[in-house]
Amino acid sequence: MRREPGHAPLHVIDIIRKKRDGGTLDPREIAFLVSGAATGSIPGASGSLPLEQLSAWLMAAFLRGLSLDETRSLTLAMRDSGEKFDPSHLGKVAVDKHSTGGVGDKTSFLVAPIAAACGLAVPMISGRALGHTGGTLDKLEPIPGCRTALTLSEFETVLAHCGASIVSQTPTLVPADRVLYALRDRTGTVESPGLICASILSKKLAAGLDALVLDVKTGSGAFLRKQEDAEYLATLMVATAEAAGTRTVALLTDMGQPLGRAAGNWIELVEAVELLRNQRPPESEDLRELSFILAGWMVHLGGKAATPRTGRQLAEAALEDGSALAVFFKMIEAQGGDSGVFDDPAAFHKPGATQALTAWKTGYVAETDTTKIGWAVQRTGAGREKAGEPVDPHAGILFHARRGTRVEQGQPIATLYATTSAMLQEPTELLKQAIAISTTPPHAVPLVTRIFTRENAEAHLRNAVR
Ligand code: URA
């Protein structure tokens with residue numbers, strides 16, 4: 001309970017019941033709950049705030065939805081739940097990119113060093129595996145010694161030295177998202193536009209960004225699969241971030257198949273470093289292309305290029321001349337990691353068990369249920385069942401055939417890596433169910449379907465309001 005002069009006292013149970021019954025919470029009620037989530041205690045009182053109550057509120061918010069005003073209040077309260085980073089004295093424009101969650105999405109490891117190599121600061125606060133999607137931090141941590149829970153002063157030192165740093169929420173940095181993110185993962189409350197918006201933007205706004213590029217996924221592997229739902233989320237995030245003073249664009253991108261050829265932890269990092277080394281495996285072309293598009297926008301919004309197209313050219317040059325790779329290794333070392341592990345990445349990869357999935361008939365790899373593939377990846381051991389559990393750095397799935405590839409019966413289409421051979425069974429079954437092989441090639445799907453900026457987002461949002 002909290003008693004403020006001139007206000008009726010607040011009680012957690014009243015806030016849960018109000019949302020459960022379809023009411024609209026005011027900013028004070030939302031701030032009360034968020035402060036409770038961040039500290040684990042009831043604001044202004046001596047008791048602790050049980051996770052059951054936070055979970056009940058999350059489910060009520062998930063089922064009833066959050067209005068625009070509620071989403072804005074939640075975002076700002078979560079942003080303000082801990083310390084904030086001020087990048088202004090780095091002497092560079094601070095820019096970042098965040099995705100709404102995907103399978104095999106490792107663009108952060110490309111765009112962060114590319115943008116830094118182009119002269120921008122990239123203070124990236126990231127998350128762990130969520131639902132069926134992978135987490136940037138879980139992918140970075142297999143590197144021996146690499147730390148992601150930095151203090152603000154360590155974050156600043158790495159940024160000053162390297163131009164980019166990838167860190168986690170901590171008990172002092174966006175603590176409310178740290179708690180709510182893990183709880184949403186365990187309570188089936190991930191796929192909510194308002195909760196996704198507040199989770200992503202609280203981290204991005206706490207990093208003090210000047211500009212932000214959002215990669216909003218659509219298709220079978222996205223949290224919001226339908227195009228109109230993804231458009232709603234994109235415009236909600238652009239409008240919310242712009243109102244908070246951060247120049248923002250959102251690109252709607254295809255998550256109808258995993259991005260690139262690896263989905264897991266270490267194997268994703270290896271794929272990203274291959275591209276930073278200018279290698280071009282054909283199965284990684286979509287990843288390379290999307291990374292250049294996103295980085296082009298970062299470079300443009302950061303003021304280093306007049307258009308996203310010229311931004312892209314600068315991004316390509318930073319990759320091709322090796323400067324982005326140099327930034328990436330420097331950042332790893334500055335966060336305590338041993339970048340020497342990339343001298344021979346195959347030698348470091350020691351999965352407990354390996355199995356190939358072969359084509360059960362001849363034809364073309366067609367539709368895939370990418371959410372199911374994401375769950376298959378998580379269940380190899382690459383994800384966790386409970387918050388705080390370690391993940392297996394070596395687990396995951398490597399794809400040898402992508403959408404549209406023609407395969408002969410018996411040809412390997414994927415290799416699965418798991419902690420134990422018993423753990424291979426469920427993911428192999430899920431993967432088989434998730435992939436269709438058809439007699440005709442599938443239609444090509446564009447990588448980017450729409451772009452929202454402050455110019456078109458508000459109007460779209462007003463028409464789309466639920
Ligand atoms: N990424 C986040 O940080 N939060 C979400 O809710 C989804 C993706």
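First listed ligand is number 1; within each ligand, the first listed atom is number 1.
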_Pair S41, T39: side-chain N/O donor-acceptor within cut-off below 3.5 Å_ =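 There is such a pair between these side chains.
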*Do any N/O atoms on R184 end up under 3.5 angstrom from N/O atoms on ligand 1?*
yes
Are any of the side-chain heavy atoms of [X] and [Y] separated by less than 4.5 Å?
X    : Y    : value
I196 : R184 : yes
D215 : T100 : no
V122 : S165 : no

Which residue owns the protein heavy atom closest to [atom], what's the atom, and how far is it?
atom                   : value
atom 8 (C) of ligand 1 : T100 O, 3.6 Å
atom 1 (N) of ligand 1 : H98 NE2, 3.3 Å
atom 4 (N) of ligand 1 : S199 OG, 2.7 Å
atom 3 (O) of ligand 1 : K203 NZ, 2.6 Å

_Minimum heavy-atom distance between S81 and A38, given as atom pair plus value_ = CB-CB, 3.9 Å
_So if I count the atoms of ligand 1 from 1 in the order they appear, which ones are less than 4.0 Å from some heavy atom of L130?_
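Listed by number with element: 5 (C), 6 (O), 7 (C).
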*Nearest option to atom 2 (C) of ligand 1, as decided by whichever heavy atom of L233, V174, I200 sits closest*: I200
*When you measure from the side chain of R147 to the backbone N and O of G336, does any donor-acceptor pair fall under 3.5 Å?*
no
